[in-house]
Amino acid sequence: MKFDSVIVGGGLAGLVCGIRLARAGRRCAIVSSGQSALHFSSGSFDLLNALPDGTAVTNPVEAVAETIRQVPEHPYARIGAERFATLADEAAALLSETGVATEGAATRNHYRVTPMGELKPTWLTLKGYVYSADAATLSWRNVALFNAEGFLDFYTKFLADGFQRMGVACEVHTFNLPAIETIRKNPSEMRSANIARVFDREENLQALAEILRRETGTCEAVLLPAVLGIDRYDAVERLSEALGRPVAVVATLPPSVPGIQTQIRLRRCFQQAGGTYMLGDTAVRCEMQGDRIAALYTNNHGDIAFEAKDYILATGSYFSQGLVASMEGVCEPLFGLDVACAADRGAWYDRDLFAAQPFETFGVRTDDALHGLREGRPVENLRVIGAGLAGFNPVKEGCGAGVSMLTALEAARRILEK
Amino acid sequence: MTKQFDVIIIGGGATGAGVARDCSLRGIRALLLERSDIATGATGRNHGLLHSGARYAVTDRESAEECIKENMILRRIASHCVDETDGLFLSLPEDGLEFQSKFVDACRAAGIRAEVIDLKEALRLEPSANPALIGAVRVPDGSVDPFRLTMANIIDARAHGAEILTYHEVLDFIREQNRIEGVVVLNRKTGEKCEYRAPVVVNACGIWGHEIARKAGVTVNMLPAKGSLLIFGHRVNNIVLNRCRKPADADILVPGDTISLIGTTSSKVPFDEVDNMYVTADEVDLLLREGMKLAPSLAHTRILRAYAGVRPLVASDDDPSGRSVSRGIVVLDHATRDGLEGFITITGGKLMTYRLMAEWTTDLVCKKLSLTARCTTAEEKLPGSREPEAEVSRRMISVPVAQRESSIYRHGDMAEKLPNGDAARRSLVCECEEVSVGEVEYALKELDVNNLVDLRRRTRVGMGTCQGELCACRAAGVMAGAGKYCVQRAKEDLVQFLNERWKGMAPVAWGDTLRESEFTMWIYAGVCGLSNQKTE
């Protein structure tokens, strides 16, 4: 099989890169094993919340130069401070074009409400999700918070406490529907994605609207867990209309319904642009010719080779197995690329799980053009993007989605400019 | 205000709990004080091996005999804590067969059934055993859940009138001339200090007994010996595997609940480390290397976590250098030994002999109180083990089978007390270990749970492959919902719980364990936005 570009990994980075290339007329294939970090999405996309030294960031565009100065091998250094704002806007526009409508700007972080009622800075938040512009207030003074009865992955008490700290009165209610009751019969099925599927059916959404109408009282807004449909995107709007007041949702514990929805929309967009998405397939080995990749082989396609002018590695970090840690060290299993990693296992970890973990900054080494390095030499037709890159801590710096999308666009730009 | 008891027991491990139970069964008004939660010291940090005594048969006949006797007693009185797996002593080529015949003779002399079996038969019984084995002996080893065992003792002690106070730390002793008359205690939950008085105080603090004895004004020379273990992600073996040689490092692989454990290492550590033990990379390497010789599949089995306990080795009184240590039971009557009335130290021994240690201690307490009541703990079954599981299961027929079996497995005949009548209570908090909302509520109400780590000891929440990744926040939500604590405290508790899990995962955080940790970090530090206020 011959393509212009073969992308390994179908998460946020792989899809954004694929969409950009396919729209430019390139014949693209994405090989995706299925799940990605999008399945744990918070409903927001972070660009830069803190400098590597821990200093909080309010304006990512302004702070990127200092980030690069502190960590010269940071993925944002490959993009450069000058192009950073342009690519960030391009990423936001791309999301919006695929139907993933968001609010927020790269020049000013706003604050999402976490499932635990904390406020966390972020760049873009999906429309219909609760956020605060200034980390101190919400748009409402009193709200009604609803949860599905028996749904344990959504913490009304924690959220109500968080709202109260912002001076927002919060009444807590539960709702129940026969369709949800059916799910509860099997205790391990009572999870966000299963509840969301219930609301893909119109009659269930209407039944929910009826309950909310009956029980909301005089509050200014109605808040719900983000479980209102997997294959529909109008639920919040529809409920708002039905209730005649704002309705908004808050993310739950995984699986992340907003993340799954985002992945579905990006994938459709990629396919509509002519891309080939190979779901449930895993790239297992490659054939090298000097400093170039000659072919790629996958599980499902056996000895049928994938051949392309350009290859893009977007397989993520440990969780997605783009990086594999063993007792001896950390490796990139597909191409055997060089990995930046502390030699002594004792130095991989901090004893406080919530501190900056050194292992999070380990990753694939690249040159300035994002070519993966193999024994110190760039692989000429391979670019590396996303979470598998070395030099950043997505959790502490709050830059995971930004690194994924911006390096994806940067790699696509370089390929298209060649 | 000072409260009066007949006996005060310091230490909520298996021994302390056993003494509290024995005393209460004999009609003695007992108070048990534990500075943390039950089973937090060496009791909860060992193999959970129901020794047959075979391991000691060659080197320590007395211990071996004690073990086999207690082994048979525990099978009877604590059946819901015991898994009757049997054990194999494997001879590997590097061990030779010379030890085997000596071993079998010594076992039989100590009253331990020891049966040399055919190599093929050994591999049929335990397919995970190293196929290179050259000899195999079958013995009546098993596994025992130390948390459950301690809890059952606590529940029975309380049912017979004992008062059990966890998170109560002994700060000082009330001393009148050459007599201990009580203790000054800090309630660590409220910060309040109070006094309790009793004519006899028992020091059952394991390695911490060294310091407690010092506070009482006497010296007990103890040597902290660290033993590290690894927990594997599933039950690799169904029969306890031992090496048929003189006891050495990492030569026992024990199946327990859903996992298997390899251990231990042995090294002297200073006293200032005993409260916070970290397993080192070298210890992990050694445990894996030796473990693979027993069961080669350990090489590619996921390691869930590593942990370490501290054995209280006691130096003989006539050897203050501490070179000659005893692993046997040590009961010290400080009246005869040091001229200090009203103070007893019980130490040495092992989890296997906790009941016998409690019996000897209570005999001495009785003597001091001039009582003649006889010990009945070898006959009286513990709560949870009083009815056949099949019978309990029949009565709980309306509960879904996986939940029913898990709760009976964990709580024995007490499982019926779990509220599980409605769908809300049957919701699962922990999928790895099938812990329901009802079981969590029961633990909160009946089993004296103060935080998520306590809850884990009582229900196994967070002990499965995910190590608390999803169940921890659900459990914190249920606890906050039940009014156990406020939201702020719930979040701090979550952070502490996850860090406690991480402490055991970090030494083995590669492969899937690192993937799991990364996921946990994304969820809690990322999606949920939690942070550790203590370090920030």
Side-chain angles (χ1 to χ4, degrees), chain A residues 37 40-43 46 112-120 149-158 160-162 181 184-188 190 251 253-254 256 317-321 324-330 344-346 348-355 357 359-360 394-396 398 400, chain B residues 278 280-281 284-285 288 400 402-403 423-424 426-429 431 434 436-437 470 473-478 480-481 486-488 490-491 494-495 498-499 501-503 505-511 513-532 534-536:
Chain A
F40 326 118
S41 155
S42 63
D46 296 346
R112 68 181 163 92
V113 176
T114 79
M116 295 259 155
E118 301 281 323
L119 289 172
K120 279 268 282 180
E149 215 173 284
F151 180 46
L152 297 179
D153 291 339
F154 187 68
Y155 306 102
T156 48
K157 204 168 166 162
F158 289 35
D161 179 74
E181 202 59 44
R184 277 175 86 190
K185 289 210 174 100
N186 182 344
S188 57
M190 195 61 185
L253 267 281
S256 162
S317 67
Y318 310 96
F319 184 83
S320 317
Q321 293 179 292
V324 173
S326 67
M327 279 176 92
E328 288 78 34
V330 179
D344 171 20
R345 210 168 73 216
W348 291 6
Y349 319 106
D350 188 291
R351 282 181 180 181
D352 177 11
L353 180 65
F354 291 85
Q357 292 292 341
F359 68 79
E360 278 292 275
V395 178
K396 280 287 152 184
Chain B
Y278 285 90
T280 66
V284 171
D285 294 351
L288 260 185
Q403 270 182 39
R426 286 207 284 264
S427 300
L428 280 186
V429 172
E431 279 139 330
E434 286 273 340
S436 66
V437 170
L470 293 174
C473 49
R474 289 186 197 136
V478 173
C486 68
V487 167
Q488 192 48 41
K491 287 178 188 169
L494 249 181
V495 168
L498 291 167
N499 256 333
R501 296 282 84 189
W502 173 239
K503 183 183 175 186
M505 292 171 88
V508 293
W510 61 81
T513 302
L514 187 63
R515 293 178 68 203
E516 202 83 62
S517 302
E518 182 176 55
F519 183 58
T520 302
M521 216 166 53
W522 286 347
I523 299 304
Y524 288 95
V527 175
C528 295
L530 290 184
S531 53
N532 191 349
K534 277 191 191 146
T535 52
E536 289 194 5

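Each chain gets a letter, A, B and so on, in the order its sequence line appears, and its residues count up from 1. Please read these numbers as outputs of a predicted model, since none were measured by experiment.
- Heavy-atom pairs under 4.5 Å with chain A peak, among Ala509(B), Gly526(B), Ala281(B), Pro400(B), at Ala509(B).
- Atoms CE and CG, on Met190(A) and Asp153(A) in that order, are 9.5 Å from each other to the nearest 0.5 Å.
- For Asp350(A), the part lying near chain B is the backbone, with the side chain staying farther off; criterion is any non-hydrogen pair under 4.5 Å.
- When Leu470(B), Val478(B), Asp285(B), Val437(B) are compared by the number of non-hydrogen pairs under 4.5 Å with chain A, Asp285(B) comes out ahead.
- Ranking Gly150(A), Ser326(A), Ser320(A) against chain B, the residue ahead of the rest is Ser326(A), based on heavy-atom pairs under 4.5 Å.
- Between chain A and the options Trp522(B), Phe519(B), Trp502(B), the largest number of non-hydrogen pairs under 4.5 Å is found for Trp502(B).
- For Glu516(B), no part lies near chain A; criterion is any non-hydrogen pair under 4.5 Å.
- Only the side chain of Leu253(A) has a heavy atom closer than 4.5 Å to any heavy atom of chain B.
- When the candidates Gln321(A), Arg351(A), Met116(A), Lys157(A) are compared by the number of heavy-atom contacts under 4.5 Å with chain B, Arg351(A) comes out ahead.
- In this structure, the salt bridge (charged side-chain N to carboxylate O under 4.0 Å, His left out) partners of Glu149(A), at least two apart in sequence or on a different chain, are Arg184(A).
- Chosen from Asp46(A), Val324(A), Leu353(A), Thr114(A), the residue pairing most often with chain B at heavy-atom distances under 4.5 Å is Leu353(A).
- Contacts between Met327(A) and chain B at a heavy-atom distance below 4.5 Å involve backbone atoms as well as side-chain atoms.
- For Phe151(A), no part sits under 4.5 Å from any heavy atom of chain B, backbone or side chain.
- Contact between Pro254(A) and Ile523(B) at its shortest, heavy atoms only, is CG-CD1, 3.2 Å.
- Per-residue counts of heavy-atom pairs under 4.5 Å with chain B were compared for Pro394(A), Pro115(A), Gly117(A); the largest is that of Pro115(A).
- Interface remark: Tyr155(A) contributes side-chain atoms only to the contact with chain B (heavy atom separation under 4.5 Å).
- Residues forming a side-chain hydrogen bond (donor to acceptor under 3.5 Å, both in side chains) with Gln357(A) (at least two apart in sequence, or on another chain): none.
- Of the two parts of Val395(A), only the side chain, counted from C-beta on, holds a non-hydrogen atom closer than 4.5 Å to a non-hydrogen atom of chain B.
- Within the 3.5 Å criterion, the main-chain N or O of Glu118(A) finds no donor-acceptor partner in the side chain of Lys491(B).
- Contacts between Thr156(A) and chain B at a heavy-atom distance below 4.5 Å are absent for every atom of the residue.
- Interface residue Leu494(B): only side-chain heavy atoms are found under 4.5 Å from chain A.
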